[in-house]
Amino acid sequence: MLKVCIIGSGYVGLVSGVCFADFGVDVTCVDKDSAVIETLNSGEVPIYEPGLKELLLKNSAEGRLKFTTDIAAAIKEAQIVFIAVGTPEKSDGSVDLSFVEAVTTTIAENLNGYKVIATKSTVPVGTGRSIEKMIRDKARADAEFDVVSNPEFLREGSAVEDFMRPNRVILGAETQKAIEILKELYSPLYLIETPFVVTDIETAELIKYASNAFLATKISFINEMAELCERSGANVHTVAKAMGLDKRIGSKFLHPGPGFGGSCFPKDTAALVKIAEGFDYDLKIVKAAMDVNSSRIIRSIEKIKEVTGGELKGKTIAVLGLTFKPNTDDVRESPAIKIVNALLNEGAVVKAFDPVGMENAKRDIIGEVTYSSDVYSAIDKSDVLVLCTEWNQFRRLDLEKVKELMVEPNMVDLRNIYKPEKMKAMGFNYISVGR
Ligand code: UGA
């Protein structure tokens with residue numbers, strides 16, 4: 001049986017490890033954080049990801065999934081070692097590779113036979129090649145290994161589904177031996193005819209950034225069209241729908257809102273610009289997508305001011321949704337958090353509710369916020385209701401009750417959950433995006 005070791009038990013590493021175990025291979029997930037490993041060994045999942053806990057319990061019970069802090073032993077036992085540690089953003093937008101480098105050294109020190117070393121972490125073009133060199137320099141002279149780039153395209157909130165039914169698998173590998181081993185690992189995906197792109201390491205590394213930067217650009221593009229719609233009286237949803245009917249454009253990722261957030265798009269767009277600079281190229285389109293995205297927060301605050309008549313000081317604002325999107329507890333780079341911080345900065349009183357993100361949000365919100373126990377207590381006695389994240393439970397609010405609870409029925413719907421005509425007919429002072 002194939003033995004796999006995954007170093008780094010964060011979103012990518014954990015989801016990949018659990019899903020590989022479900023493919024029937026032997027998986028050891030490693031993390032240096034003993035608290036994370038203890039949690040996982042007790043059958044709990046430290047992140048909120050639908051379906052992950054069930055799959056983790058099933059595969060642990062069937063004996064194919066282990067969690068440990070003993071990185072050396074896990075490397076020695078494995079034929080395939082995945083690097084899935086964090087690649088955080090440095091203050092200048094470039095990628096901090098210190099975790100990848102530390103893990104690479106440990107892999108080199110524990111090479112005890114042929115291994116495939118695959119990066120799942122998002123790493124700049126050229127990193128695979130430097131990993132190869134680092135191992136070559138540090139490992140035994142007769143060490144046998146191949147370095148492979150195998151980027152991941154998981155969306156938080158549907159990561160298990162994305163892993164099990166990917167649009168494609170990218171294998172940046174340069175020896176037949178490594179390609180065959182990885183194809184064997186991914187063999188269950190052949191049954192559902194998943195396309196495999198086998199290419200060189202640099203191309204695989206760039207595919208990941210190019211994909212994320214393109215999706216981020218699509219979002220910024222539709223957000224600019226939303227601005228134009230607001231000024232011209234057009235409806236952005238009809239524009240997006242009709243654009244999407246052209247198969248060359250496609251309908252996905254054309255939903256306007258407060259801008260993209262999360263742990264990937266903001267970091268990866270900034271990193272790609274830096275990577276390009278390193279190759280003496282100015283990546284103008286990606287830079288523009290980032291600029292448009294920053295302006296979404298300012299624009300969202302303007303919309304809130306529009307319903308209060310310009311003043312935010314002393315106004316009570318109910319904010320629904322703090323995570324960067326629904327079905328996750330992740331608040332990294334969340335537009336909602338930036339909006340809350342901007343509101344507090346302007347002297348507003350903020351009452352917030354999120355179904356799962358409140359604990360994480362507390363770390364990033366600068367200032368006093370009332371964290372409500374449910375939607376309606378957040379809305380109670382507020383001057384404005386701001387919908388920041390499109391959780392399903394915000395889609396069917398009892399609007400009569402909302403109106404009664406509020407001091408004034410002002411709603412800023414940054415995710416276009418409700419219909420403007422209906423809201424106006426009900427007496428709401430309602431503003432959304434691009435309609
Ligand atoms: C993203 C990519 O979608 C994954 O393919 C990729 O693997 C992942 O990054 C990564 O690099 O690991 P994720 O960050 O989980 O996944 O979230 P998305 O669903 O892509 O949403 C990102 C942001 O864009 C959210 O803030 C969302 O609200 C926003 N968005 C998305 C829009 O504003 N409009 C849209 O039409 C779509």
Side-chain angles (χ1 to χ4, degrees), residues 8 10-16 47-50 84-89 95 119-123 150-163 165-170 205-226 236-237 239-241 243-244 249-272 289-290 292-294 296-297 299-300 321-339 357 387-391 394 413-417 432-434:
Y11 274 104
V12 172
L14 187 59
V15 173
S16 307
I47 51 172
Y48 177 85
E49 189 57 49
V85 292
T87 48
E89 187 176 343
V95 180
T119 46
K120 273 219 177 282
S121 304
T122 301
V123 291
N150 177 218
E152 204 42 72
F153 300 93
L154 308 174
R155 285 164 303 170
E156 287 181 20
S158 50
V160 173
E161 172 71 12
D162 285 351
F163 195 95
R165 300 186 173 278
N167 288 174
R168 76 296 207 193
V169 171
I170 310 297
E205 288 168 340
L206 191 54
I207 288 169
K208 168 72 188 195
Y209 281 105
S211 302
N212 275 2
F214 188 83
L215 290 170
T217 304
K218 234 181 149 181
I219 298 168
S220 280
F221 185 89
I222 203 65
N223 279 333
E224 284 211 291
M225 289 305 117
V236 71
H237 284 294
V239 171
K241 191 174 172 199
M243 281 171 69
I249 298 173
S251 60
K252 304 271 168 63
F253 276 67
L254 287 177
H255 196 87
F260 56 78
S263 66
C264 305
F265 289 173
K267 168 167 89 86
D268 293 353
T269 44
L272 189 55
M290 292 166 67
V292 169
N293 203 52
S294 315
R296 297 311 292 162
I297 304 300
R299 189 67 188 107
S300 301
L322 294 170
T323 53
F324 80 99
K325 65 170 184 179
N327 298 321
T328 176
D329 62 352
D330 200 340
V331 298
R332 284 177 285 178
E333 294 292 324
S334 171
I337 303 280
K338 293 181 185 172
I339 289 168
L387 276 164
C388 280
T389 314
E390 68 279 31
W391 284 93
F394 303 154
D413 179 357
L414 296 173
R415 297 288 182 173
N416 291 355
I417 294 176
S432 56
V433 184

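Both counts, for ligands and for their atoms, begin at 1 and track the order of listing.
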Asn293: side chain to side chain donor-acceptor pair (under 3.5 Å) partners, not counting sequence neighbours: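 Expected list: none.
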Salt-bridge contact Lys208-Glu152 (side-chain N to carboxylate O under 4.0 Å):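 Not counted as a salt bridge, because no side-chain N and carboxylate O are separated by less than 4.0 Å.
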Close residues, ligand 1: non-hydrogen atom nearer than 4.0 Å: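 Within the 4.0 Å shell of ligand 1, which is judged on heavy atoms, sit Glu152, Phe153, Leu154, Arg155, Glu156, Lys208, Asn212, Ile219, Phe253, Leu254, His255, Phe260, Gly261, Cys264, Phe265, Asp268, Phe324, Lys325, Arg415.
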Whether over 12 other heavy atoms sit under 6.0 Å from Phe221 CZ: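 Open: at most 12 neighbouring heavy atoms sit under 6.0 Å from CZ of Phe221.
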Mutual orientation of the aromatic rings belonging to Phe265 and Phe260 [parallel < 30°, tilted 30-60°, perpendicular > 60°]: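 Judged by the thresholds at 30° and 60°, the geometry between Phe265 and Phe260 is perpendicular.
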Residues Thr87 and Lys267: side-chain donor-acceptor under 3.5 angstrom: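 Short answer, yes.
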Ring-face cation of Arg332 near Phe324 (centre distance under 6.0 Å, axis angle within 45°):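 Because its charged atom misses either the 6.0 Å distance or the 45° angle limit, Arg332 does not stack over Phe324.
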